[in-house]
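All values reported here derive from a predicted model rather than from experimental measurement. By convention here, the first residue in the shown sequence is residue 1.
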Amino acid sequence: MGTMSDDVEKRAIGKMMRRLIPFLILCYFVAYLDRVNVGFAKLHMNTALGLSEAAYGLGAGLFFVGYFFFEVPSNILLERFGARRWIARIMISWGIVSAAFAFIPQMSAVSGLSSEWIFYFLRLLLGACEAGFFPGIIFYLTLWFPTIYRARVISLFMLAIPISSIIGAPISGLLLNLSGGGLTGWQWLFICEALPSVLVGFAVLAMLPDFPRQASWLQPDEIKWVQNTLEIERQKKEAVEHISVMQSLTDSRVLACALVYFCLNAASYGVAFFLPTIIKAFGVTDTQTGFLAALPFVFGAVGMVLLGRHSDKTGERRYHVAGALTLAAVGIGLAGLVSSPVLIIGLLCIAQIGVSAVPPMFWPMPASILNGASAAAGIAAINSLGNLSGFAGPFAMGYLKDLTGGFTAGLLLLAVVGLIGALVTIRLRIDPVLERAAREPVMAH
């Protein structure tokens with residue numbers, strides 16, 4: 001009986017990994033590309049629109065303000081309407097808004113508003129459109145994969161972040177050389193990189209089942225195993241502790257997780273939105289900037305997979321996350337203190353190993369606390385509160401760049417924030433009984 005159950009489990013997990021993860025990676029690939037391509041557009045857009053470094057940093061960060069206000073409602077609506085339709089809506093709408101950035105000068109001429117204010121408005125609107133996407137995917141994965149598989153599944157899914165930078169950064173650098181139709185390279189960059197989001201959004205409607213029972217590619221015994229396993233896990237967690245939707249939004253552990261995620265995103269986006277500018281200052285071309293900007297994410301991809309697997313193998317989360325945040329902080333801080341381009345790139349590669357490794361090890365922690373509707377709301381709350389640093393990080397970098405003329409002060413500030421995140425992670429307490437219940441292998445038939 002044990003052998004038969006193991007066989008069903010192996011078949012079910014294998015099919016779900018092959019059918020869902022590559023497509024979800026594609027979805028997140030185009031999402032992250034649209035989120036950070038503004039860093040490459042900035043190389044020429046700032047001059048074309050008359051934006052200061054602080055104005056750019058403010059606009060880049062406003063994305064996360066829109067994200068914050070619409071995150072929890074979006075994730076609750078996702079549970080109500082189903083992942084397939086809601087994720088498709090998110091992707092199509094953000095693709096349209098992302099393409100609109102190409103026409104800021106024209107919109108300014110027609111409306112009479114300054115290009116700066118239209119840039120602010122579109123970044124805010126882009127965040128509102130994309131709100132709910134990432135936590136929606138994390139919640140979606142909890143409907144398919146038992147807890148013991150989630151860190152490795154999330155780490156594979158989040159490979160889309162380094163992949164989008166490894167592939168997208170060189171492409172973005174090359175697109176800056178385009179011109180024609182009355183548009184320049186930075187405008188074509190927005191248009192060309194927005195189109196895949198719309199196309200993939202429509203593909204979601206055809207390719208993404210809401211629940212295992214709707215998957216025609218799963219056998220009845222595989223569907224039964226998945227549903228029974230997830231139900232037993234849910235009952236075990238509820239037997240230890242049941243958290244309502246409202247409680248999940250005020251639970252001290254949820255808020256602590258949000259603070260950790262805040263620190264991570266401050267370091268991550270504070271660097272990401274200015275990375276092309278930092279590299280361009282080495283005296284290289286736009287194309288060379290694209291290829292060099294991809295290098296840290298190659299290291300990040302390796303660190304993400306290896307550390308995620310080790311965290312799964314040991315069943316330990318807190319010290320893995322704290323260690324990765326410390327590595328990120330050290331790399332970012334030292335990068336602000338050296339002047340050699342080779343050393344700066346090398347240190348940012350080290351930092352990106354830590355930055356990339358944190359999310360797949362971090363997200364199983366709140367997922368082991370919450371379940372059902374409270375999981376949807378709690379995960380969204382952590383993501384939305386944590387993403388507010390996506391506003392603070394880039395704005396602080398831009399402001400300090402205008403104030404000091406360099407990136408040293410900004411990078412040191414981000415390093416301190418990363419260390420704070422590491423300290424909070426070490427002090428984070430999750431009920432050991434609850435952790436064991438979440439990790440315990442389940443036999444279901």
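- The line from OH of Y120 to OG of S115 is 11.5 Å long, rounded to the nearest 0.5 Å.
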Subject >> Evaluation steps, side chain to side chain contact (heavy atoms under 4.5 Å, CB included), between V321 and L428 >> reply: CA-CA 11 Å; V321 171; L428 184 64; over 6 Å; no

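- Counting non-hydrogen atoms of neighbouring residues, nucleotides and ligands closer than 6.0 angstrom, the CZ atom of F23 exceeds 12 such neighbours.
- Atoms CH2 and CG, on W225 and L218 in that order, are 11.0 Å from each other to the nearest 0.5 Å.
- Using a 4.5 Å cut-off on side-chain heavy atoms (C-beta onward), C27 and I137 make no contact.
- In this structure, S311 contributes its side chain and L307 its backbone to no donor-acceptor pair below 3.5 Å.
- The main-chain N or O of F273 is found under 3.5 Å from a side-chain atom of Y56 such that the two form a donor-acceptor pair.
- Of the listed residues (Y67, F69, W86), just one forms a side chain to side chain contact (heavy atoms under 4.5 Å, CB included) with S74, and that residue is W86.
- A ring-centre distance under 6.0 Å is not found for F63 and Y269.
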Original post:
Passes side chain to side chain contact (heavy atoms under 4.5 Å, CB included), I92 versus F202? Steps please.
Top reply: CA-CA 7 Å; I92 293 167; F202 282 108; 3.8 Å; yes

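- Across all non-hydrogen atoms, the minimal contact from V358 to A324 is CG2-CB, 3.6 Å.
- Formation of a donor-acceptor pair under 3.5 Å by the Q227 side chain with backbone atoms of E231 is not found in this model.
- A322 approaches I426 most closely through the heavy-atom pair CB-CG1, 3.6 Å.
- Between Y261 and W363, the ring planes lie perpendicular to each other; the angle is over 60°, past the 30° to 60° tilted range.
- G173 and F40 make their closest contact through N-CD2, 4.2 Å (heavy atoms, listed as atom of the first residue, atom of the second, distance).
- Looking at F145 and I13, their side chains come closer than 4.5 Å, going by heavy atoms from C-beta outward.
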Subject >> Stepwise side chain to side chain contact (heavy atoms under 4.5 Å, CB included) check, C349 with I345 >> reply: CA-CA 6 Å; C349 287; I345 288 291; 4.2 Å; yes

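- W117 and S108 are not linked by any side-chain donor-acceptor pair at a separation below 3.5 angstrom, with hydrogens and angles left out of the test.
- For the pair V153/M16, no side-chain contact is recorded, criterion being any heavy-atom separation below 4.5 Å from C-beta on.
- Under a 3.5 Å cut-off, the side chain of S93 and the backbone N or O of I90 do form a donor-acceptor pair.
- For R84 (side chain) and P209 (main-chain N/O), no donor-acceptor pair under 3.5 Å exists by modelled atom type.
- A donor-acceptor pair shorter than 3.5 Å cannot be found between the side chains of S98 and E193.
- Considering CD1 of I382 and CZ of F362, their distance stands at 5.5 Å, rounded to 0.5 Å.
- Contact annotation: the side chain of V200 never approaches that of F29 to less than 4.5 Å [non-hydrogen atoms, C-beta and beyond].
- Screening residues 158-168 for salt bridge (charged side-chain N to carboxylate O under 4.0 Å, His left out), with sequence neighbours left out, gives no hits.
- You'll find the side chain of T425 stays beyond 4.5 Å of the side chain of Y319, heavy atoms only.
- Here the CG-CG distance, from N265 to L388, works out to 10.0 Å after rounding to the nearest 0.5 Å.
- You'll find the side chain of F299 stays beyond 4.5 Å of the side chain of Q352, heavy atoms only.
- Residues F262 and A392 approach most closely at CZ-CB, 4.4 Å, considering heavy atoms.
- Side-chain atoms of W188 come within 3.5 Å of backbone N or O of G180 as a donor-acceptor pair.
- Between the side chain of S389 and the backbone N or O of A266, at least one donor-acceptor pair lies under 3.5 Å.
- When every heavy atom of V226 is checked against every heavy atom of A12, the shortest pair comes out as CG2-CB, 4.0 Å.
- Contact check for V198 versus W94: no side-chain heavy atoms found under the 4.5 Å cut-off.
- Between the side chain of T314 and the main chain of H310, a donor-acceptor pair closer than 3.5 Å is present.
- Rounding to the nearest 0.5 angstrom, the gap separating the CZ atom in F64 from the CG atom in L124 is 12.5 Å.
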**OP:** With side chain to side chain contact (heavy atoms under 4.5 Å, CB included) as the test, would you mind laying out the steps for K224 and V8 before giving the verdict?
**Re:** CA-CA 10 Å; K224 184 178 180 181; V8 173; over 6 Å; no

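- Using a 4.5 Å heavy-atom threshold, the side chains of L176 and H44 count as touching.
- Put simply, CG on L113 and CD1 on I104 are 12.0 Å apart, with the number rounded to the nearest 0.5 Å.
- Taking both residues in full, the closest heavy atoms of L24 and F157 are given as O-CE1, 3.3 Å, listed atom of the first, atom of the second, then distance.
- Taking a 6.0 Å sphere around CZ of F70, one finds it holds 12 or fewer heavy atoms contributed by other residues, nucleotides or ligands.
- In this structure, R317 contributes its side chain and M361 its backbone to no donor-acceptor pair below 3.5 Å.
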